[in-house]
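What follows is one structure encoded as structure tokens, with my remarks underneath.
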2 protein chains.
Amino acid sequence: MNPTIKDVARLARTSKSTVSRYLNGQPVKKNTEEALKSAIKELDYHPNINARRLVQSRTQVVGIVADDISNNFYSGILRGIEKVTNAHRYHCVYYSGTSNHQSEIDFLDLVQEGQVDGLIFISFSKRSQELLERIRDITIPIVLVGDGEADQQILSVDVDNQYGIHELIHYLHRIGHEKVAFIAGPNDIAATEYRTKGYKNALEELGLEYKREWIVGSDWSKEGGYKAMKELLKFGGFTALVASNDETAIGALLCAHELGFRVPQDFSIVGFDDIEIARWIYPTLTTIRQPLYEMGEKAADGLINIMKNTDEVMKERVLIRPELIVRNSCKNLL
Amino acid sequence: MNPTIKDVARLARTSKSTVSRYLNGQPVKKNTEEALKSAIKELDYHPNINARRLVQSRTQVVGIVADDISNNFYSGILRGIEKVTNAHRYHCVYYSGTSNHQSEIDFLDLVQEGQVDGLIFISFSKRSQELLERIRDITIPIVLVGDGEADQQILSVDVDNQYGIHELIHYLHRIGHEKVAFIAGPNDIAATEYRTKGYKNALEELGLEYKREWIVGSDWSKEGGYKAMKELLKFGGFTALVASNDETAIGALLCAHELGFRVPQDFSIVGFDDIEIARWIYPTLTTIRQPLYEMGEKAADGLINIMKNTDEVMKERVLIRPELIVRNSCKNLL
DNA sequence: CTGAAAGCGCTAACAT
DNA sequence: ATGTTAGCGCTTTCAG
């Protein structure tokens with residue numbers, strides 16, 4: 001059996017309460033402190049965190065649930081979260097949706113079971129109405145990163161997808177492009193809708209030509225981008241291509257190269273995300289940088305507020321504007 | 001306040017013990033079961049896991065500590081672990097070394113504090129003697145993935161780095177290469193030593209020429225590979241290059257291309273790891289595939305054994321042999 | 001199959 | 001500054 005607070009008390013010739021107080025940073029007399037210190041060391045005492053959590057009914061940990069915890073893409077988000085939570089003396093514990101249970105719904109229990117004080121769910125998939133309703137019903141401290149709904153009383157943080165595409169197309173327009181094709185994303189990804197809408201809206205805003213054949217779907221993989229490009233080239237006629245993520249942009253690039261086209265001389269191509277390799281391919285890719293770190297910060301900030309304030313906290317959908325990164329994959333037509 | 005087992009008992013007109021038994025799958029009479037079920041539903045009762053853990057002094061969770069939890073490279077390892085742990089009804093909880101605390105040493109407490117029943121540490125950095133000694137001293141259930149020591153009484157799992165390089169060089173030799181250069185890795189990575197040793201040993205075994213100028217260091221990044229290749233080309237004279245990871249292989253490839261060389265016509269290049277992009281670059285990269293899933297399985301298997309058996313378990317260093325993946329980056333000289 | 005009672009290790013009044 | 005006491009919510013004998 002592990003040593004307990006009681007063993008420490010006995011060895012240090014004092015009481016449990018004093019030990020407890022010492023452990024929690026409250027003042028004790030100099031010589032009892034000495035005794036305590038050496039007793040703890042001698043016994044190799046470690047406080048039982050379950051007992052503490054039972055009586056305090058809080059854990060000082062926030063649970064982070066990601067659909068795939070080792071998704072490199074989330075790295076920036078996690079760092080943003082950690083920075084904020086650590087500043088408030090919370091620890092982070094991670095749960096991977098790909099393991100343990102199945103869907104995010106199953107992790108809702110973590111708070112009610114007393115495992116964590118609050119939750120951050122990270123995923124870019126669309127979230128079910130069922131999950132959203134459950135969250136609204138049980139009123140536990142939670143914030144969503146990725147999909148969410150504006151009118152539900154849930155705090156959610158996401159990149160402003162529509163704005164990002166908007167930036168891309170305005171940039172292309174500024175350098176003289178009038179005919180812009182688009183590779184859309186998968187239907188189960190929340191961003192797909194917003195990015196596609198962003199494309200259509202920007203076209204309309206700028207009075208650019210819209211052709212049904214200039215939009216083609218993809219699964220957001222390199223293969224998908226490759227195939228999409230092949231499809232688009234059957235019709236042709238565009239001078240620029242907006243791929244709705246960098247992976248498909250890379251696939252499209254490869255396809256163009258293989259078919260003997262040169263980028264950006266023959267086509268301009270832009271992506272979305274600014275994944276690490278975007279600056280390593282040839283030509284380096286003009287794209288939109290995801291504000292991952294800020295998203296993490298905002299999410300954690302929001303969660304801390306919800307956990308601390310018993311009174312009303314703004315539960316809204318926060319969209320963070322991403323940044324245009326100009327590299328060498330576009331040709332100036334002017 | 002959350003409802004407790006007591007509330008459920010009262011509502012179902014029975015005792016705490018019966019509720020507890022029901023919750024833990026022990027037999028209860030049909031009609032008490034009904035009453036319990038509806039009481040639990042009505043109260044939205046969730047068992048307090050801290051109370052349970054306090055009394056049972058086990059958690060049924062294994063903690064996984066990774067130096068960078070969102071490192072895509074670990075994904076396969078994590079899936080291997082999850083498969084095994086879930087089969088034994090353990091849950092996985094992840095801790096990221098980049099956050100919360102600093103080094104792996106700080107996470108050793110998790111077991112003694114009762115947060116987890118066992119630990120798996122994942123990292124490819126060299127591990128300090130201090131950590132290894134602490135682990136040996138405190139006898140908690142733990143297994144290491146990555147660096148470890150053969151003679152310490154600690155179970156550790158790693159890829160057989162030396163064997164991997166050996167495979168690569170024997171392959172090159174089989175297709176006629178006699179002059180083989182090498183890009184080494186960073187000093188703080190445990191594998192660097194073994195891969196470099198593998199290079200030297202294989203050369204010796206096959207009676208191939210060894211030149212000090214044909215080994216150059218790198219930080220394992222693409223930039224590092226690029227620079228290393230540039231360095232190597234100052235001396236030249238080799239027909240094949242073994243990059244000790246895929247990233248540097250890609251950097252070296254880029255460098256060769258930029259200087260007007262063609263791969264594999266002018267040089268053969270091989271990597272190590274088989275990262276996702278290895279099959280996407282031009283030419284597709286011949287490399288060694290890390291047995292990540294198996295490593296995860298072995299690690300979890302070992303941990304489960306340690307946790308279950310009070311008696312002696314084999315604490316050894318397990319090296320898993322990786323597989324050669326032949327693609328198009330090597331020229332057959334015969 | 002069920003209930004009463006003890007106790008897991010800790011914190012938090014309360015009293016001194 | 002310290003000791004005494006009660007109790008957090010659960011499991012687990014032990015009786016019945």
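Each of V28(A) and K16(A) was matched to the nucleotide of DNA chain D holding its nearest heavy atom; the match closer to the 5' end belongs to V28(A).
When the nucleotides dT11(C), dT12(D), dG3(D) are ranked by their closest atom to the side chain of S15(A), dG3(D) comes out on top. Checking dT2(C), dC10(D), dT11(C) against the side-chain heavy atoms of V55(B) singles out dC10(D) as nearest. Distances from the side chain of A51(B) to the nucleotides dC10(D), dT11(D), dT11(C) place dC10(D) closest. With distances taken from any side-chain atom of R21(B) to the nucleotides dC10(C), dT11(D), dT13(D), the minimum falls on dT13(D). Nearest nucleotide to the T18(A) side chain, out of dT2(D), dT2(C), dC10(C): dT2(D). Candidate nucleotides dT2(C), dC10(D), dT11(C) were compared by shortest atom distance to the side chain of T4(B), and dC10(D) ranks first.
One donor-acceptor pair, N or O on each side, does fall under 3.5 Å between the base of dT4(D) and the side chain of S17(A). Not a single donor-acceptor pair, N or O on each side, falls under 3.5 Å between the base of dG9(D) and the side chain of R53(A).
Between the side chain of S20(A) and the backbone N or O of K16(A), no donor-acceptor pair lies under 3.5 Å. Between the side chain of D147(B) and the main chain of A190(B), no donor-acceptor pair closer than 3.5 Å is present.
Between K29(A) atom NZ and dG3(D) atom C1' there is a gap of 13 Å when expressed in whole angstrom units. Atom P of nucleotide dG7(C) and atom CG of L54(A) are separated by 17 Å, given to the nearest angstrom. Atom CD of Q56(A) and atom C1' of dG7(D) are 14 Å apart (whole Å). Rounding to whole angstrom units, NE2 of residue H46(A) and P of dG9(C) are separated by 15 Å. Rounded to an integer number of Å, the gap from L23(B) CG to dC10(D) C1' is 10 Å. As rounded to whole Å, 21 Å separates atom P of dC10(D) from atom CZ of R52(A). At whole-Å resolution of the value, CG in N48(B) and P in dC10(C) are 16 Å apart. Atom P of nucleotide dT2(C) and atom CG of N24(B) are separated by 15 Å, given to the nearest angstrom.
Within the nucleic acid shown, Y45(B) comes within 4.0 Å of sugar-phosphate atoms alone, with no base atom in reach, counting heavy atoms only. No contact: S57(B) has no heavy atom under 4.0 Å from any strand.
Classification of K37(A) and E33(A) as a salt-bridged pair holds, one side-chain N sitting under 4.0 Å from a carboxylate O.
Across L78(B), V143(B), V157(B), a single residue satisfies side chain to side chain contact (heavy atoms under 4.5 Å, CB included) together with I122(B), and that is L78(B).
Between F73(B) and F124(B), the angle of the ring planes goes over 60°, which puts this pair in the perpendicular group of the 30/60° scheme.
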